[in-house]
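First comes the structure, then the notes that go with it.
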Amino acid sequence: MEKGSELKEASLDIIFHHISDLIFQIKVIDVHHYEIEAVNEAYLSSYETSKEAISGRRIEDFLGVDQGIQAIRRFQEAIIRKKTIQFEEGYSFPKQGYKIFDITLVPLIEKGTVERLVGVAKDITEKRLNEEHLAQSEKLSIVGQLAAGIAHELRNPLTSLKGFLKLIQFRNTDQDIDRYVQVMDSEFHRIEQIIDEFLILAKPTKSHFQNNHIHHILDEVIELLSGQANMKSIILKKEYPSFLPPIYSECNQLKQVFINLIKNAMDAIGEEGEITIKAKELTQHLQIQVIDNGGGITDEELEKLGSPFFTTKKNGTGLGLTICKRIVKKHKGTFTVESNEGKGTTITLNFPKSV
Ligand SMILES: Nc1ncnc2c1ncn2[C@@H]1O[C@H](COP(=O)(O)OP(=O)(O)O)[C@@H](O)[C@H]1O
Ligand SMILES: [Mg+2]
């Protein structure tokens, strides 16, 4: 052999073994029987096996009956068609579990018959999952738009129902009916609250971004909620300097975020406790934390936190954190939650400083 072609063969071998796709060569015994002749490193490591343990094995013996039959059907297809075939198929692996592959199967024809098959399997599990996610989020966004429309339409009849209820309340002298009316009133209130929160979420609000001082915003929010906190013997503690650099933001939206977070903290405490609102300047960010010593969140709940309508409260809407996350994202900020069951929760927000 010439020196040049030796070199080429050596580098082909390197490619064969370093490529991340699974490559395999199958010897065709007859149309029902197939032996593994060669596989690359990626194949060996995916199946956690060795060359010695695999070479010469029958395919159904190695892959197990179900997956073996699945593979043999494809081999037969390539043999009958005498053409390269390409398809997507899932296989299970000892450690990695179920994976989806884009597989190309090439029949090697010698003297008119298919003696061998060479396969290249590309792992497309992640790609497929991403596509599913995308499709799902598109679906959600259409559903969201529809629901926002419905929520908006619900407002008018609701207003007239509330009006008539007030009328009944005004004219009625029966105590029983008065109680029913009160229940109805509070239920109407709840419907209204859900609609309002929902509309904040769905409506593309016109935004007025400008440089805002976070300490002003925090001061105002704390002032606003101090009455409610007082009634529940909850102390709102401020831990931030009297001046912080501005962040480019939409003032009302940031207020909405802090109101939601502090209200959640108050709910988590119930009565008697402490909520610390911290803010400080980092190199490129402003960090704001809302720390409570309430009941905390279980790991299971933590995973669902911020998904629309996830709530553990009897009267919750489960939209508060969804709104917060949306707003924080719009401000190019980050949102993290740490929680210890029984000890409390810390929500940390980082916003980029204005330049
Ligand atoms: N500070 C907190 N401490 C404990 N649980 C919290 C806290 N903040 C949020 N949660 C949990 O997250 C859920 C969703 O919150 P949110 O989206 O604001 O909706 P809602 O307050 O209407 O339930 C709450 O029901 C609660 O279980
Ligand atoms: Mg809430």
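Whatever order the structure lists ligands and atoms in, that order sets their numbers, starting from 1.
- Legend: protein N/O/S atoms lying under 2.8 Å from the Mg ion (ligand 2), waters omitted, number 1.
- A heavy-atom cutoff of 4.0 Å around ligand 1 is satisfied by the protein residues Asn264, Ala265, Ala268, Asp292, Gly296, Ile297, Leu305, Phe310, Thr311, Thr312, Lys313, Gly316, Thr317, Gly318, Leu319, Gly320, Leu321, Thr345.
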Enumerate donor-acceptor pairs with a distance under 3.5 Å from any side-chain N or O in residues 272-288 to protein atoms, sequence neighbours excluded.
residue, atom, partner, partner atom, Å
Glu274, OE1, Lys237, NZ, 3.4
Glu281, OE2, Lys353, NZ, 2.9
Gln287, NE2, Asn350, OD1, 3.4

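- When only modelled atom types and interatomic distance are considered, Asp219 and His216 share no side-chain donor-acceptor pair under 3.5 Å.
- Salt bridge absent: Lys330 and Glu250 never bring a charged side-chain N and a carboxylate O closer than 4.0 Å.
- Screening residues 37-47 for side chain to side chain donor-acceptor pair (under 3.5 Å) gives Gln25-Glu37, Glu37-Arg116 as the qualifying pairs, with residues at least two apart or on separate chains.
- Side-chain atoms of Phe24 and Leu117, non-hydrogen and from C-beta on, never get closer than 4.5 Å to each other.
- Under 3.5 Å, the side chains of Lys255 and Asn212 contain no donor-acceptor pair of N or O atoms.
- A 4.5 Å side-chain heavy-atom check between Glu220 and Leu224 finds every atom pair outside the cut-off.
- In this structure, the ring of Phe164 has its center no less than 6.0 angstrom from the ring center of Phe188.
- Between Phe243 and His213, the angle of the ring planes lies from 30° to 60°, which puts this pair in the tilted group.
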